[in-house]
Amino acid sequence: MARITLRQLLDHAAEYGYGVPAFNINNMEQGLAIMAAADAVDAPVIIQASRGARQYANDVVLARLIDALVELYPHIPVCMHLDHGNNEATCVTAMQHGFTSVMMDGSLKEDGKTPADWDYNVGITRRVTEMAHYGGVSVEGELGVLGSLETGMGDKEDGHGAEGKLSHDQLLTNPDEAVKFVKETQVDALAIAMGTSHGAYKFTRKPDGAILAMHVIEEIHRRLPETHLVMHGSSSVPQELQDIINKYGGKMPQTWGVPVEEIQRGIKHGVRKINIDTDNRMAMTGQIRRILTENPGEFDPRKYLKPAMEAMTKLCKERLEQFGTAGQAGRIKPVSLSEMAKRYRSGELAPKIA
Ligand SMILES: O=C(CO)COP(=O)(O)O
Ligand SMILES: O=C[C@H](O)COP(=O)(O)O
Ligand SMILES: [Zn+2]
Ligand SMILES: [Zn+2]
């Protein structure tokens, strides 16, 4: 059994100076693809499911799927994480289905659209952290609202995300507030806003410091050196994948994502979890388009899902290598949830804030 908590994994990543991609999952093919990549490079993995993924695949199916993946690859530590939990219930039901980590995203209200105020975010995140830690489960919180520094718009693209115009203050996490937030909520990891957004359309040009504010990460890390930082919306949206999709009938306007070298810079400054969904969606879609275009008579899903899985495996492998996750699986001895719970109770896992 190699299920592992986010806290244990990110503590290890901090100790050895690497980052861990968190790949979103919605179905068996994505699960198999992630595990094949982790196995190929001996990396621990974070597999995360959004509320949408849980509705799509069904909690019971997802839970059994993760059991199966863990059984198939007993030497790979797997953290099963809830992406963008919107209230206490979403977090608790994830824990009931074997998630070892939950995100309570209190930066937005329950509707996943309306920016929340400080008291709401601290209150709900603190409640989830208390509950989760009793069971040894890890918690990621979020401070600041994801959205574009180019347009000032929230990131409404894929269902979750703020609607309408946001202020510069909302779009960039304030370092002083970050310190207070971690202290008051006791989260294990903190997602911050610095110009990334979900989906493919993050930037209209290769991002520089004006629209991808890596200096905010560096400042927060200076103030909170022991806190694991999380970058959402961190797909790189490779040109090559845009080209494949468009070559085979797709119509994706030219766009830019988060360059891998910027993420690597973040990893030097406390970024430990890097969320990636869009790149994998694009890798799979490109191959499905290619196969169906080249073989219009094809109707066996395996014929296009297998190349789609292989493309996803290739992308996951690249990120595991680029972030330094490769080669770390064998160095981690999973700590049980009950042992983690004891450590929270003893106070030894409380955030260390100067
Ligand atoms: O942040 C994410 C999931 O929480 C995914 O981000 P991307 O859309 O950039 O892949
Ligand atoms: O939050 C963003 C992730 O990419 C998950 O997206 P989703 O809510 O469409 O499943
Ligand atoms: Zn969010
Ligand atoms: Zn996200």
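Note that the numbering runs from 1 along the sequence shown for the chain.
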_Test log, rule side chain to side chain donor-acceptor pair (under 3.5 Å), inputs Asn86 and Glu110_ = CA-CA 5 Å; Asn86 66 324; Glu110 212 166 339; 5.0 Å; no
*asked:* Between Glu298 (side chain only) and Asp300 (backbone N and O only), is there a donor and an acceptor less than 3.5 Å apart?
replied: yes
*Report the distance from atom CG of Leu146 to atom CG of Leu171, rounding to the nearest 0.5 Å.*
9.0 Å
_With a 3.5 Å distance limit and no angle check, can you tell me whether Asp188 reaches the backbone of Glu140 through a side-chain donor-acceptor pair?_
no
*Consider only side-chain heavy atoms of I, L, V, M, F, W and Y, link residues closer than 4.5 Å, and tell whether Leu320 and Met309 are in one cluster.*
yes
*Between Ser107 and Glu142, is there a donor-acceptor pair closer than 3.5 Å when you use the side chain of the first and the backbone of the second?*
no
*Applying the 4.5 Å side-chain criterion to the ILVMFWY set and letting contacts propagate, would Phe99 and Met104 be lumped into a single cluster?*
yes
*Within 45 degrees of the axis of the six-membered ring of Phe23 and under 6.0 Å from its centre: does Arg319 put its NZ or CZ there?*
no
*To the nearest 0.5 angstrom, please state how far the CD1 atom of Ile220 sits from the CD1 atom of Ile192.*
4.0 Å
*For atom CZ of Arg345, is the number of surrounding heavy atoms from other residues, nucleotides or ligands below 6.0 Å larger than 12?*
no
*Would a 4.5 Å heavy-atom cut-off, applied to side chains only, mark Val45 and Met35 as touching?*
yes
*Quick one: do Arg343 and Glu339 make a salt bridge, cutoff under 4.0 Å?*
yes
_For Pro259 versus Gly257, what's the shortest heavy-atom pair and its separation?_
CD-O, 3.4 Å
_Distance check, rounded to the nearest 0.5 Å: Ile217 atom CD1 versus Lys268 atom NZ?_
13.0 Å
*Are Asp111 and Lys109 close enough, and set up right, to give a salt bridge (charged side-chain N to carboxylate O under 4.0 Å, His left out), and what steps lead you there?*
CA-CA 5 Å; Asp111 63 5; Lys109 293 240 176 100; over 6 Å; no
*asked:* Could you see if Phe323 belongs to whatever hydrophobic cluster contains Val230? Use Ile, Leu, Val, Met, Phe, Trp, Tyr and a side-chain cutoff under 4.5 Å.
replied: no
*Over 12 non-hydrogen atoms of neighbours within 6.0 angstrom of CD in Glu240*: no
*Return yes if a side-chain donor-acceptor contact under 3.5 Å exists between Asp243 and Gln239, otherwise no.*
yes
*asked:* Is it the case that the side chain of Arg7 and the backbone of Met340 share a donor-acceptor pair, with hydrogens and angles ignored and the cut-off at 3.5 Å?
replied: no
_Ser101 side chain to Thr5 backbone, donor-acceptor under 3.5 Å_ = no
*In Å and rounded to the nearest 0.5 Å, what is the CD to NE2 distance from Gln48 to His81?*
5.0 Å
_So does Ser234 get a backbone contact from the side chain of Thr196, meaning a donor-acceptor N/O pair under 3.5 Å?_
no
*Asp11 and His228 side chains, donor-acceptor separation under 3.5 Å*: yes
*Derivation of the side chain to side chain contact (heavy atoms under 4.5 Å, CB included) call for Phe181 and Thr125*: CA-CA 9 Å; Phe181 186 81; Thr125 306; 3.9 Å; yes
_Which heavy atom of Arg51 sits nearest to which heavy atom of Gly112, and what is that distance?_
NH2-CA, 4.4 Å
*Would you call Lys180 and Asp176 a salt bridge, using N to O less than 4.0 angstrom?*
no
_Contact check, side chains of Leu212 and Lys202, non-hydrogen atoms, under 4.5 Å_ = no
_pair Ser148-Tyr201: side-chain heavy atoms closer than 4.5 Å_ = no
_Is there a path of hydrophobic side-chain contacts, each under 4.5 Å between heavy atoms, that joins Met28 and Tyr73?_
yes
*Side-chain donor-acceptor pair present, Thr90, Arg54, cut-off under 3.5 Å*: no
_Does Leu149 form a side chain to side chain contact (heavy atoms under 4.5 Å, CB included) with His168? I'd like the steps, not just the answer._
CA-CA 7 Å; Leu149 292 168; His168 215 69; 3.7 Å; yes
*asked:* I'd like to know whether CD of Glu348 has more than 12 heavy-atom contacts from other residues, nucleotides or ligands below 6.0 angstrom.
replied: yes
*Could you give the distance from CD1 (Ile274) to CD1 (Ile267), rounded to the nearest 0.5 Å?*
4.0 Å
_Please tell me whether Gln186 and His133 have a donor and an acceptor in their side chains that are separated by less than 3.5 angstrom._
no
*Answer whether the closest heavy-atom distance between the side chains of Leu72 and Leu32 falls below 4.5 Å.*
yes
*Does Gln30 reach the main-chain N or O of Asn26 with its side chain, forming a donor-acceptor pair under 3.5 Å?*
yes
*Exceeds 12 heavy-atom contacts within 6.0 angstrom, atom CZ of Arg205*: yes
*Run the salt-bridge test on Arg222 and Glu219 with the 4.0 Å N-O cut-off and return the result as yes or no.*
yes
*asked:* On a heavy-atom basis, which atom in Asn24 and which in Ile34 lie closest, and how many Å separate them?
replied: O-CD1, 4.2 Å
*Rounded to the nearest 0.5 Å, how far apart are CE of Met103 and CG of Asn275?*
7.5 Å
_I'd like to know if the side chain of Gln242 and the backbone of Thr255 have a donor-acceptor N/O pair within less than 3.5 Å._
yes
*Taking all non-hydrogen atoms of both residues into account, name the closest pair between Thr173 and Gly144 and its distance.*
OG1-CA, 3.9 Å
*asked:* Within the structure provided, determine whether Leu65 and Ile25 are in side-chain contact (heavy-atom separation under 4.5 Å).
replied: yes
*asked:* Whether the side chain of Thr100 engages the backbone of Met80 through a donor-acceptor N/O pair (distance < 3.5 Å, no angle test) should be reported.
replied: yes
_So which atom in Ile76 and which in Ala43 form the shortest heavy-atom distance, rounded to 0.1 Å?_
CG2-O, 3.3 Å
*asked:* If you apply the rule side chain to side chain contact (heavy atoms under 4.5 Å, CB included), what do you find for Leu190 with Leu143, and how did you get there?
replied: CA-CA 7 Å; Leu190 179 68; Leu143 184 66; 4.1 Å; yes
*Please report the closest heavy-atom contact between His215 and Gly209, naming both atoms and the distance.*
CE1-O, 4.1 Å
*Would you call Glu310 and Lys306 a salt bridge, taking side-chain N to carboxylate O under 4.0 Å as the test?*
yes
*asked:* Within the 4.5 Å heavy-atom criterion, are Glu88 and Ile124 side-chain neighbours or not?
replied: yes
*State whether the number of non-hydrogen atoms from other residues, nucleotides or ligands found under 6.0 Å of Arg64 atom CZ is greater than 12.*
no
*Any side-chain heavy atom of Leu82 within less than 4.5 Å of one from Met95?*
no
_Do Val20 and Tyr16 land in one hydrophobic cluster if side-chain heavy atoms of ILVMFWY residues count as linked below 4.5 Å?_
yes
*Determine whether His75 and Asp39 make a side-chain contact, defined as any pair of heavy atoms from C-beta on separated by less than 4.5 Å.*
yes
*Can you check side chain to side chain contact (heavy atoms under 4.5 Å, CB included) on Ile291 and Tyr248, steps first, answer last?*
CA-CA 9 Å; Ile291 299 291; Tyr248 295 104; over 6 Å; no
_Plane angle bin for His84 and His198 - parallel if under 30°, tilted between 30 and 60°, otherwise perpendicular_ = perpendicular
*Taking the side chain from Arg272 and the backbone from Tyr18, do they hold a donor-acceptor pair closer than 3.5 Å?*
yes
